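Just so we're clear, the structure is a prediction, and the values are computed from it rather than from any experiment.
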Amino acid sequence: MNSVASSLVACIPANTILQARLKDALGGPQFVQCFADHSETLPAILRGEIRCTVFAIEEKTAETTLAGIRAIKLATPSHAIVVWYDRKTLSDRNLVAIVRAGASEVASRDVEDTRHILSGVLNNAMQRSHVLGVINRIGPFIPIPIRDIFKFAVESSHQMLDVVRVAARFGITRQTLRNRLLEHRMPLPRKFITWCRLLVASSLLQESGHTLDSVGWQLEFGSGHHLGTVMRRYVGSNVSDMRSCGISEAVESAFLASIGLKGVAAGD
């Protein structure tokens, strides 16, 4: 399943070639909306109507594009941004500046904009947006000494992450990782990693168009059934029951309660 198929994507500025390729990647024209510049797009982004913004950039419009990316990131840091460029004309200096300004993904014209590749680029950008959202909402509640561990586990949520790999990433043993987490009232390593994956899964499920099957596949849970089982075991509720009050909010509240912050809402 194409998990970006029901997401509305903004195209800045109107570009007939990019429009056609976005429509093909997304499955129809109803999922693409063109805007003249970021100032027109920003209100729709803030209303939650736009899931991803794609900038068509040329060398002569690089400064305008940079300004647009910075403005969007200032208003909503976790918003997904993709930049579509011509590698034959855009300078390396401007490409690097665009990435540093906050572009989630870049796609080169006539190389990385075929239907399946561009669909993957959009999907990756939006997944990174969810990852960043989880880090921004939950990160402040994580003790500073282990915040980098939390960030790494969340950023790696798209794959099965082994406890040994997490420990090795920070130059410590499994036992030291275990002791460090327990010292700060966190779950044991395997459970901590699973919670991080569930936080991202719930954020994805919160968005229309995502199903247990699509998210289970995207985050390598094996199947939607297995993801639902794990979520029920950790949170204590079925996904269908959580939809009424918000899946993301329910999972985030359950995680915070598991680390002794019962009754605290993410973002408080």
>> Whether the side chain of Ser258 engages the backbone of Phe255 through a donor-acceptor N/O pair (distance < 3.5 Å, no angle test) should be reported.
In response: yes
> Taking the side chain from Thr61 and the backbone from Ile57, do they hold a donor-acceptor pair closer than 3.5 Å?
Replying inline: no
>> Could you go through Ile12 and Glu40, starting from their C-alpha distance and side-chain angles, then the distance that decides it, and tell me whether this counts as side-chain contact (heavy atoms from CB on, under 4.5 Å)?
In response: CA-CA 10 Å; Ile12 304 176; Glu40 287 188 2; over 6 Å; no
> What pair of heavy atoms forms the shortest contact from Ser156 to Leu161, and how long is it?
Replying inline: CB-CD2, 3.7 Å
> More than 12 non-hydrogen atoms from neighbouring residues, nucleotides or ligands closer than 6.0 Å to NZ on Lys151, yes or no?
Replying inline: no
> Do you know which two heavy atoms are closest between Gln33 and Ile50, and how far apart they sit?
Replying inline: OE1-CD1, 4.4 Å
> With a 4.5 Å limit on heavy-atom distance, are the side chains of Leu205 and Ser248 in contact?
Replying inline: no
>> Any carboxylate oxygen within less than 4.0 angstrom of a Lys/Arg side-chain nitrogen, looking at Arg21 and Asp110?
In response: yes
>> Go through it in stages, so that I can follow the logic: the residues are Phe170 and Leu177, the test is side-chain contact (heavy atoms from CB on, under 4.5 Å), and I'd like the CA-CA distance, side-chain angles, deciding distance and then a yes or no.
In response: CA-CA 9 Å; Phe170 295 94; Leu177 175 62; 6.0 Å; no
> Does Ser253 use its side chain to pair, donor to acceptor, with the backbone of Ala250 at less than 3.5 Å?
Replying inline: no
>> With side-chain contact (heavy atoms from CB on, under 4.5 Å) as the criterion, how do Val82 and Val9 come out once you've worked through the C-alpha distance, each side chain's angles and the decisive distance to 0.1 Å?
In response: CA-CA 10 Å; Val82 173; Val9 172; over 6 Å; no
> Does any N or O in the side chain of Arg87 come within less than 3.5 Å of the main-chain N or O of Ser108, such that one atom is a donor and the other an acceptor?
Replying inline: no
>> side-chain contact (heavy atoms from CB on, under 4.5 Å), that's the test. Do Leu132 and Val154 meet it? Break it down for me.
In response: CA-CA 9 Å; Leu132 186 55; Val154 171; over 6 Å; no
> For Leu199, does its backbone N or O pair with a side-chain atom of Ser202 as donor and acceptor, under 3.5 Å?
Replying inline: yes
> From Leu66 CG over to Ile98 CD1, what is the distance, rounded to the nearest 0.5 angstrom?
Replying inline: 4.5 Å
>> How long is the straight-line distance from CG of Asn94 back to CD of Glu58, given to the nearest 0.5 Å?
In response: 12.0 Å
>> Side chains of Asn179 and Gln175 only: does a donor on one sit below 3.5 Å from an acceptor on the other?
In response: yes
> So Gln218 and Ser214, side-chain hydrogen bond (donor to acceptor under 3.5 Å, both in side chains) or not? Walk me through it.
Replying inline: CA-CA 6 Å; Gln218 189 173 342; Ser214 69; 5.5 Å; no
>> Is any side-chain heavy atom of Arg178 closer than 4.5 Å to one of Val163?
In response: no
>> Taking Ile81's backbone N and O only, do any of them form a donor-acceptor pair with Thr53's side chain (distance below 3.5 Å, no angle check)?
In response: no
> Does Gln206 reach the main-chain N or O of Ile247 with its side chain, forming a donor-acceptor pair under 3.5 Å?
Replying inline: yes
>> Here's a test for you: under side chain to side chain donor-acceptor pair (under 3.5 Å), which of Glu252, Gln127, His130 qualifies with Ser203?
In response: His130
> Is the closest side-chain donor-acceptor distance between Ser39 and Asp37 under 3.5 Å?
Replying inline: yes
>> Once rounded to the nearest 0.5 Å, what's the spacing between atom CZ of Arg165 and atom CD of Gln159?
In response: 4.0 Å
> Sub-3.5 Å donor-acceptor pair from the side chain of Asn238 to the main-chain atoms of Ser240, do we have one?
Replying inline: no
> Does Glu220 pair with Arg197 as a salt bridge, N-O distance under 4.0 Å?
Replying inline: no
>> Measuring from atom CZ of Phe55 to atom CD1 of Ile69, what distance do you get when rounded to the nearest 0.5 angstrom?
In response: 5.5 Å
> So with a 6.0 Å cut-off around CZ of Arg190, is the heavy-atom count from everything else above 12?
Replying inline: yes
> Taking the side chain from Arg128 and the backbone from Ala80, do they hold a donor-acceptor pair closer than 3.5 Å?
Replying inline: no
> Which distance, rounded to the nearest 0.5 Å, do you find between the CZ of Arg169 and the CG of Asp148?
Replying inline: 8.0 Å
>> Tell me if a side-chain donor or acceptor on Ser119 pairs with a main-chain N or O of Arg115 at a distance below 3.5 Å.
In response: no
> Cluster question for you: counting only ILVMFWY and a side-chain heavy-atom cut-off of under 4.5 Å, with indirect links fine, are Leu188 and Trp195 together?
Replying inline: no
